[in-house]
Amino acid sequence: MSIAEWRTQLTNGNVSAKELVEKYIARIEKIDHTINSYLALNFEKALLQAQKVDEDHSLGIKLPPLAGIPFAIKDNLCTKGIPTTCSSRMLENFVPPYESTVTQRLWNAGAILLGKTNLDEFAMGSSTENSAFGATSNPWDISRVPGGSSGGSAAAVASGLCMSALGSDTGGSIRQPASFCGVVGMKPTYGRVSRSGLVAFASSLDQVGPFTNCVSDAAEVLQVISGADCLDSTCLNVSVPDYVGSLSKPIKGLRIGLINQCFEQKGLSTKVKDSVIQASNLLQSMGAELINIDCPFFNEGIATYYVIAPSEASANLARYDGVKYGYRSKGVDNLSSMTSSSRSQGFGSEVKRRILIGTYALSAGYVDAYYKKAQKVRTLIRQDFNNAFEKVDILLTPTAPTTAFKAGEHNEDPLAMYLSDLLTIPANLAGLPAISLPCGFDQVGLPIGLQFIGNVLKEELLLQVAYQYEQASDVMRNKPSSDFIP
Ligand code: GLN
């Protein structure tokens with residue numbers, strides 16, 4: 001059921017919020033030991049919240065838009081009184097004293113928290129294998145990764161363990177796992193959604209966004225979490241359009257750009273390429289115009305990102321010093337050894353690698369050669385997009401070069417892992433909104449995702465085009481079978 005359908009069921013009295021939450025809890029208890037999408041669970045409070053929704057409903061009180069909708073939240077978003085670990089030993093016992101803006105907005109809208117979801121430590125990774133609390137599996141094939149870093153949220157939505165989830169996307173961490181798990185995932189424009197209470201990874205790139213089963217649900221969730229926030233100075237003070245209301249507009253005459261550089265990638269699987277081309281043909285048959293576009297700097301995205309993101313991460317993660325909060329190593333007798341041994345024991349190896357790269361790129365002798373140069377290339381990437389949006393309304397690419405890979409496949413080769421974000425990173429560097437949705441399956445039945453990238457604050461258009469595509473194609477009706485359930 002979509003959120004809108006569920007709302008109708010609830011208002012007609014066909015099902016209660018408590019019944020719905022109980023169903024999800026039972027399913028989590030039955031299958032999540034296989035998927036490992038959840039870390040902390042919140043069942044007791046969830047049931048109480050659901051009861052409150054049912055009481056309000058029986059008293060005739062008007063229900064808010066997400067009343068009774070069961071949510072999962074990536075464990076790098078602060079939830080007051082509920083552990084928020086970032087899948088790191090460093091924050092294993094951290095219980096935030098405040099709530100993030102996005103989650104507060106969900107609870108104000110009546111949504112219910114089922115639990116917090118697994119991620120790559122501090123959102124660094126593309127497979128959810130870099131978690132201190134075990135890897136998450138892909139529900140389409142449990143020998144494969146769900147993508148990352150928001151793999152727990154993506155796998156939870158895909159396997160019916162929540163109705164919707166939030167993730168964060170710094171270089172692709174919502175869209176790539178959405179693609180691997182066959183669900184909808186959206187990264188809004190930088191500044192569209194508040195980052196207050198999102199544990200910082202790379203502050204000029206991070207954005208929060210939804211994972212959902214369908215595009216209209218993504219519109220509903222984005223509607224609730226978007227908009228100005230005095231707690232985040234980078235959050236834009238502009239009005240939020242009616243995302244849901246615009247979905248049904250037809251796309252006749254829309255100019256869709258196909259970025260040449262994306263389709264010429266060496267690592268792009270033929271099945272992924274064919275599937276996205278087929279999707280573009282369907283859009284053309286619906287009245288859209290297809291235009292080939294050059295973005296010459298598109299492929300510099302990865303190299304640029306892996307200077308800028310670790311640089312910002314090395315500054316952000318300096319706060320974990322064993323003093324203010326987080327893990328503190330015992331049995332050391334001076335401040336400097338305490339800090340270094342807390343970090344060495346508290347952080348996993350990928351996080352350490354990023355801190356080392358970032359500290360190096362920012363150090364006095366190298367800042368011009370690496371960090372400043374990367375910032376210049378970032379501007380060129382943004383200019384490529386600006387030029388493209390003079391000719392087209394929206395861009396279409398595959399979300400990831402391949403479908404879900406096997407667990408452990410890239411363990412020995414971090415660069416191969418980094419390449420899985422080749423097609424998602426440029427939108428983060430340029431601050432643009434982008435959405436991934438399923439468009440087909442590969443030869444072994446794994447979902448393939450397509451990505452639409454829009455100009456700044458064009459979420460309304462992105463959702464409309466994605467919705468129109470979703471209605472015209474039938475791939476979204478496929479769900480993973482529950483064969484993995486013992
Ligand atoms: N996979 C990318 C990285 O490892 C992106 C992560 C993200 O978007 N949080 O940095």
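Predicted model, so just to flag it, every value in this text is computed and none were measured. Remember, it's 1-based here, ligands and their atoms both numbered in the order they're listed.
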Consider only side-chain N and O atoms of Glu99 and Thr103, and report whether a donor and an acceptor are under 3.5 Å apart.
yes

Partners meeting salt bridge (Lys or Arg N to Asp or Glu O under 4.0 Å) with Glu92 (sequence neighbours left out)
Arg89

Non-neighbouring partners of Tyr327 that pass ring pair (Phe, Tyr, Trp, His ring centres under 6.0 Å), sequence neighbours left out:
none

Check Leu396, Val215, Leu450 against Tyr469 for a side-chain contact (heavy atoms from CB on, under 4.5 Å) and give me the one that passes.
Leu450

Give a yes-or-no answer on whether the side chains of Ser203 and Asn316 include a donor-acceptor pair shorter than 3.5 Å.
yes

Under a strict 4.0 Å criterion on non-hydrogen atoms, which protein residues are in contact with ligand 1?
Ala123, Met124, Gly125, Ser126, Ser149, Asp169, Thr170, Gly171, Gly172, Ser173, Phe201, Tyr305, Tyr306, Arg354, Asp421

Sequence neighbours left out, what passes side-chain hydrogen bond (donor to acceptor under 3.5 Å, both in side chains) with Arg328? Give chain and number order.
none

